[in-house]
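Notes to accompany the following structure.
Only a predicted model underlies this, so the values are computations on that prediction, with no experimental measurement involved.
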Amino acid sequence: MPRSSSRSRNKPVRFGYNADGDPYPTGSRQASARALRQPGRRVVPEEPVIIEKPPKKEKELQVLQLDLLMEKNMKAHHTDEYETEEMVLRRGQSFDMEVKLHRDFMKDSDQISLEFRMGGRPIVSHGTRVPVYAVDAPPNDNLEWGLQITSVEGSKVCLTVYSSADSLIGPYELVVNTTTESGIEFEFDHPTEVFMIFNPWCKQDGVYMADKAKRDEYVMNETNRVYCGTRYKIGNFPWYQGQFEDVVLECAFHLLKKSGLAYRHRRNPVMIARTMSALLNSQDDDGVLVGNWSGDYEDGVEPWLWTGSIAIFKKYMETGKPVEYGQCWVFGSLFTSIMRALGVPTRTVTNFASAHDTDSNLTLDYHYDEDGNELDNLNEDSVWNFHVWNDSWMARPDLPEGYGGWQAVDATPQETSSGVFQMGPASLSAIKKGHVYLDYDTKFAFAEVNAETVSWIVPKDSRKPPTVSWVDSNEVGINISTKAVGKDERHDVTGDYKFAEGSNLERIAVYTASKYVKGAKNFVKDVKQDIEFKVELPEDAMIGTDFNVTVNMTNNATSSRRIYLAVNGSTIYYTGVKKARVVEKKQYVNLDAGESETVSIKCDANVYLPELTEFAGFNFFVMGRVSETKQVFSRQFDTVLDKPDITITADEDITEGTPFYAKVSFTNPLPYALNNCRFLVEGPGIDGYKEEKFRHVMVGEKVEHKIKLTPKKPGTRTLMVSFKSTELAGVRGSADLVVLAA
């Protein structure tokens, strides 16, 4: 389980203020409401604002029908993939509609106007009541609303409506108003809402992204790849984002309402991203997903079983309760789904060797005794083997010029920010330059990719202070990865977060950041060494098999050396937290001048399997101490065992709406049977989330199972399957299927 200091602390303060000085709830809604009602504090009324309809009169110009031309408009707005009953529009872009009246429209004397209303208290000054009047020409800056009558055919009036690129995001009620020459008014309420989202196609929108290929990837692509493993061994698996399914946008608007975010901030992608990072976890206000790193998931779903976002959003919206359970890649994937649904370009990012700097001093301190044993009671910092967060693309008008573009946001509940478990958005430009004083949470994000690791040796004599044995500035923020644009390959974005390790610019960034960090430490590194150590980890060891770790030592001195070597191996959670020690070796090695020797440490499957986590990861601490020179080598190394892949085959001809069978297969690699087996299936346009129980699996058995599915949409669709049993978890597979139109 993650270090206790981040998850077993006292609850955060339940009332705070945002950057604008506005009060906001950080926990219990009831407690916050009571705080707001204190004497002397201005109380915002909760009663709805009633907008009275004009009285019914004999000669009013009645609206019989309003045709929103959904198919035409949503195709033009790149929203035709959304599976909602409501029309989804992107702000800052025109759209058309047709109004059917009860008599012919008199262009010289009759008037038509519209009104868009949001929430229970629509007010013009708040942007929640938007009157739209006729204009002579389209607004040239996309920052004003307006409408034009494009044609009149008797009682049918065709309109083009221009929306502002600064409109509030969310559901609007739509009202059509008519006025006759004599001033008689009529009001028509459209029965369904209109959804307005961000527009990365519009230059005036804060999320504008010019590159079409990047828009296709970061806004429109429904199938993503999540990277995992260790810096030495990078793996990946597919994830169904499903941003166009109706439940995602429904959940997004529900969370905005639940958050209490002031309506004036709902036009701002910065504030919406920050809000979503808080509401997707359950730490505050019972958000979407419960984080669990304990290994005990009996009362919920194991985090490794999820293959997409839709099942989680559906369960949350159906029950109104946080879904159990998730870990960082699930939080990050949910954030990608919900932000893409809202129109914000977003990518899922994995940072390998991700620092968790608890005391915010830009160093990760590890303490060991003289025999190489880790002193857990002194170690508060940690390095996660990998950690997943997000980058969202947006302007930053709240910061000085030059800090727009990609912004790091993290929905995984690690530490509180302004009393809430949220992080970001933090400008990648600010992170890279070490400008940790800029909003939001830039210091924390900088440490995740730039902190230095420091190994301390604690003497047996407690009167003597610990000494630094090793300092490494290259141990964290490695191979920062995301899915490549337009292809299923890994794209390294480390250069977006930091300058090249060891370069002058990288050292300047660290120095700049340290000026704003209380208690930052600097160490003199002793690089004078004459024993060379080389540690090799297995590259393709399958779970359930024995494997070896080797340490090679070469004496580059002109005289002999005596080396004390200590190697400790532990199973770990992916957060870097150790579960159990499963191997230990200590010995002396004597080397003549120029001599080399290799020591092999065997990891026995019978020993490690009972202690293995679902991550199937190991941490090895290797310490070598040279008697003659007092040189100390102390480093940590991580590795992950392979798991079998699920192979998927399907019928050759798959047609939209026609059931077909997919055959899944894999071989049990463990030396014992698998019990309580389940297959989970998900894919875009294919049936939706499905879970099937399966019989127990014998030792060494090759499993073959058929699953009946029905495709909902034509095109190339990715089918994702995962397998879970009591003994083996995290077995995955995927296949691209071509679905023909019916």
Side-chain angles (χ1 to χ4, degrees), residues 63-101 105 112-118 127 130-135 137-153 155-178 188-205 207-209 212 215-216 219-220 222 243-246 248-250 252-253 266-267 340-345 713:
V63 176
L64 300 181
Q65 183 180 351
L66 176 62
D67 187 349
L68 295 180
L69 305 176
M70 284 183 58
E71 183 176 352
K72 173 186 176 182
N73 287 322
M74 291 179 66
K75 185 174 183 179
H77 283 241
H78 309 280
T79 59
D80 48 318
E81 292 285 338
Y82 283 84
E83 299 176 6
T84 62
E85 295 182 358
E86 297 81 3
M87 184 165 68
V88 182
L89 300 173
R90 299 188 187 274
R91 66 184 190 176
Q93 185 172 340
S94 65
F95 53 97
D96 299 325
M97 59 178 65
E98 294 179 356
V99 180
K100 179 67 174 177
L101 305 171
F105 181 77
I112 291 181
S113 64
L114 305 175
E115 198 166 286
F116 291 83
R117 300 169 183 171
M118 179 181 291
V130 184
V132 183
Y133 301 111
V135 294
N140 55 17
D141 55 3
N142 287 326
L143 294 177
E144 299 290 339
W145 285 79
L147 69 83
Q148 286 186 305
I149 297 176
T150 56
S151 68
V152 176
E153 298 178 8
S155 62
K156 185 177 79 172
V157 182
C158 299
L159 306 176
T160 295
V161 184
Y162 306 97
S163 66
S164 169
D166 199 30
S167 301
L168 301 181
I169 299 306
Y172 287 87
E173 296 176 357
L174 173 57
V175 177
V176 182
N177 297 304
T178 64
F188 173 83
D189 297 322
H190 192 263
T192 60
E193 294 175 315
V194 173
F195 293 167
M196 189 70 71
I197 62 175
F198 292 104
N199 190 354
W201 282 262
C202 175
K203 292 182 178 180
Q204 288 75 28
D205 197 309
V207 303
Y208 172 65
M209 178 171 271
K212 178 184 182 302
R215 285 198 308 264
D216 289 344
V219 180
M220 303 299 291
E222 292 184 272
Q243 66 265 36
F244 302 127
E245 296 210 20
D246 56 355
V248 183
L249 207 52
E250 178 189 4
F253 294 154
R266 299 189 192 185
R267 59 170 52 92
R340 287 184 183 179
L342 290 172
V344 181
K713 294 181 180 179

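Shown here for G343 and P200, the closest heavy-atom pair between the two residues is O-CD, 3.2 Å. Closest approach of F188 and L64 over heavy atoms only: CE1-O, 4.3 Å. Residues M118 and I169 share a closest heavy-atom pair of CE-O, 3.7 Å. The nearest pair of heavy atoms linking L68 to H190 is CD1-CE1, 3.5 Å. For the residue pair V161 and V132, the shortest heavy atom distance occurs at CG1-CG1, 4.3 Å. The heavy-atom pair separating L342 from I197 by the smallest distance is O-CB, 3.3 Å.
The salt bridge (Lys or Arg N to Asp or Glu O under 4.0 Å) pairs that include a residue from residues 82-92 are E83-K713, R91-D205, where partners are two or more places apart or lie in different chains. Applying the salt bridge (Lys or Arg N to Asp or Glu O under 4.0 Å) rule to pairs touching residues 163-175 yields D166-R267, sequence neighbours excluded.
For H78, the ring-ring contact (aromatic ring centres under 6.0 Å, His included) partners two or more places apart in sequence, or in a different chain, are W201. Scanning for side chain to side chain contact (heavy atoms under 4.5 Å, CB included) contacts around E250 gives V247, M317, with sequence neighbours left out. When the ring-ring contact (aromatic ring centres under 6.0 Å, His included) test is applied to F244, the partners found at least two apart in sequence or on another chain are Y82. Residues meeting the side chain to side chain contact (heavy atoms under 4.5 Å, CB included) test with N142, sequence neighbours left out: A165, C202, Q204.
A 4.5 Å side-chain heavy-atom check between D80 and E71 finds every atom pair outside the cut-off. For the pair P345/R215, no side-chain contact is recorded, criterion being any heavy-atom separation below 4.5 Å from C-beta on. Between V63 and L101, the closest side-chain pair of non-hydrogen atoms falls below 4.5 Å. In this structure, the side chains of N177 and L114 stay at 4.5 Å or more apart for every pair of heavy atoms.
Remark: side-chain polar atoms of S163 are paired, donor with acceptor, to backbone N or O of G92 under 3.5 angstrom. Remark: the backbone N or O of M74 is paired with a side-chain donor or acceptor of T79 at under 3.5 angstrom. A distance-only check finds no donor-acceptor pair linking the side chain of N73 to the backbone of L89 [under 3.5 Å]. One N or O on the side chain of H77 and one on the backbone of S94 form a donor-acceptor pair closer than 3.5 Å.
Each of D67, T178, L159 was compared with V99 under the side-chain contact (heavy atoms from CB on, under 4.5 Å) criterion, and only L159 meets it.
Separation of atoms CE (M97) and CD1 (I112) is listed at 10.5 Å; rounding is to 0.5 Å. Rounding to the nearest 0.5 Å places OG1 of T84 at 11.0 Å from CD of E193. To the nearest 0.5 Å, atoms CE (M196) and CE (M87) are separated by 8.0 Å. Within the model, atoms CG of D189 and CG of L66 stand 11.0 Å from one another, a figure rounded to the nearest 0.5 Å. In this structure, L168 CG and F116 CZ are separated by 12.5 Å, a value rounded to the nearest 0.5 Å. S167 contributes atom OG, which lies 12.0 Å from atom CD of Q93 (distance to the nearest 0.5 angstrom).
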Exercise for review: Go through the steps to decide whether D96 and T150 satisfy the test side-chain contact (heavy atoms from CB on, under 4.5 Å), and finish with yes or no.
Suggested key: CA-CA 9 Å; D96 299 325; T150 56; 5.6 Å; no

